[in-house]
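Data first, discussion second: the structure below is written as structure tokens.
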Amino acid sequence: MDVGFIGLGVMGRPMALNLARAGTPLVVWNRTPGRCAPLREAGAEVAGAAAEVFDRTGTVLLMLADEAAVDAVLGRGTPDFAARVAGHTVVHMGTTSPEYSAALEDAVRRAGGAYAEVPVSGSRVPAERGHLVAMLAGDDSAVAAARPLLAPMCNKTFDCGPVPSALLMKLAVNLFLITQVTGLTEAFHFAARHGLDRRRFLDVLDAGPMASAVSRMKAPKLLDRDFTVQAAATDVLKNNRLIAEAARKAGVASPLLDVCHTLFGETVADGHGGEDMVAVLRALEARTDGPPAPPRRG
């Protein structure tokens, strides 16, 4: 049977395009129909509704923004849910709380379906290049259905055990990513405010042991003040919240994450949530410059 793909956002659309270009018989749907046009051009079939994707496919990949979006697509909490997922393999590729994923797996199994949890690490550019890293969890049948579909989207796949181990792994990876990019941005801001040549600072960084694929992707954006989205600040804030909640529930200290949480909260509150995560620079600049001086009177 054909494969379904629902959710064609910043990450989902390039992922689905890679599947279609690899020859996967694909049926797609997105809440905003205009986002389906490149998939149609790549040979995918475009469904008129989420329910139609399930009617026409056996395995459905979900790359959706949050838990509410997943529930809405699956019809969870309505009589449609059981009919929609029974006999299907649901592959949850977005980032939600581990508790939510575990509960969803139980609900899908009770309704007669199979469930795999496959969050991915990487932003828009790795998604476009098929260089994402997949973390895979679920029972044997669900894993067997999901694994062959990952190759066009991911250059590495790691088995993580039972649900929700893959999502916990993704949160651990994202904790490092968030603190790494925030640290890079703060160092760049420090260098710039001391009058250093910003390009020379980045060259020195790139020549040393701290250089990484992440720093090489984000450094040019900082230098050019290019805030076009690879990973949106709003999504980073969401991930930060999920990690913080998981840390609190386990009694794990996360002081670096907590500082980042505050900074990304300020970035989003100041209207920059739709920009790339390096827009956290704006929060650092606002803290450095302080509030504007009150107007003089008289």
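In this structure the side chain of K238 reaches within 4.5 angstrom of the side chain of T95, judged on heavy atoms. The shortest side-chain heavy-atom distance between L168 and M135 does not fall under the 4.5 Å cut-off. Contact check for P38 versus R13: side-chain heavy atoms found under the 4.5 Å cut-off. Residues L184 and L205 meet the side-chain proximity criterion, which asks for heavy atoms closer than 4.5 Å. Residues D139 and R109 form a side-chain contact, since some pair of their non-hydrogen atoms from C-beta on lies under 4.5 Å apart. Residues E105 and E117 fail the side-chain proximity criterion, which asks for heavy atoms closer than 4.5 Å. Side-chain contact between S141 and T89: absent, with no pair of heavy atoms (C-beta onward) separated by less than 4.5 Å. Side-chain atoms of F158 and L136, non-hydrogen and from C-beta on, never get closer than 4.5 Å to each other.
Under the 3.5 Å distance criterion, with hydrogens and angles disregarded, no donor-acceptor pair is assigned to the side chains of E275 and T228. Judged by distance alone, the side chains of Q180 and K218 never bring a donor and an acceptor atom under 3.5 Å apart. Under the 3.5 Å distance criterion, with hydrogens and angles disregarded, no donor-acceptor pair is assigned to the side chains of T96 and E67.
Under a hydrophobic-cluster definition in which Ile, Leu, Val, Met, Phe, Trp and Tyr are linked whenever side-chain heavy atoms come within less than 4.5 Å, directly or via other members, F201 and L223 are assigned to the same cluster. L242 and L237 fall within a single hydrophobic cluster, where Ile, Leu, Val, Met, Phe, Trp and Tyr side chains are chained together by heavy-atom contacts under 4.5 Å. Criterion: ILVMFWY side-chain heavy atoms under 4.5 Å apart, direct or through other members. Under it, V46 and L26 are part of a common hydrophobic cluster. V28 and L64 are members of different hydrophobic clusters when ILVMFWY side chains are connected at heavy-atom separations under 4.5 Å.
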Below 3.5 Å, can you tabulate the donor-acceptor pairs from side chains in residues 69-87 to any protein atom, sequence neighbours excluded?
from : atom 1 : to   : atom 2 : distance (Å)
D71  : OD1    : R76  : NH1    : 3.3
D71  : OD1    : Y100 : OH     : 2.7
T78  : OG1    : G75  : O      : 2.6
T78  : OG1    : D80  : N      : 3.2
R84  : NH1    : V73  : O      : 2.7

Without placing hydrogens or testing angles, list every side-chain donor-acceptor pair under 3.5 Å for residues 257-264, not counting sequence neighbours.
from : atom 1 : to   : atom 2 : distance (Å)
D258 : OD1    : R248 : NH2    : 2.6
D258 : OD1    : S254 : OG     : 3.2
D258 : OD2    : R248 : NH2    : 2.9
T262 : OG1    : D258 : O      : 3.3

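Ion pairing between a basic and an acidic side chain is recognised when a charged N comes within 4.0 Å of a carboxylate O; E266 and R282 show no such pairing. A salt bridge is defined here as a Lys NZ or Arg NE, NH1 or NH2 lying under 4.0 Å from an Asp or Glu carboxylate O, and D289 with R193 meets this definition.
The ring pair (Phe, Tyr, Trp, His ring centres under 6.0 Å) pairs that include a residue from residues 16-74 are F54-H88, where partners are two or more places apart or lie in different chains.
For CZ of R216, the number of neighbouring non-hydrogen atoms (other residues, nucleotides, ligands) closer than 6.0 Å is greater than 12. Around the CZ atom of R110, the shell of radius 6.0 Å holds no more than 12 heavy atoms that belong to other residues, nucleotides or ligands.
Contact between P14 and G9 at its shortest, heavy atoms only, is CD-O, 3.9 Å.
With hydrogens and angles ignored, the 3.5 Å screen pairs no side-chain donor or acceptor of D159 with any backbone N or O of G161.
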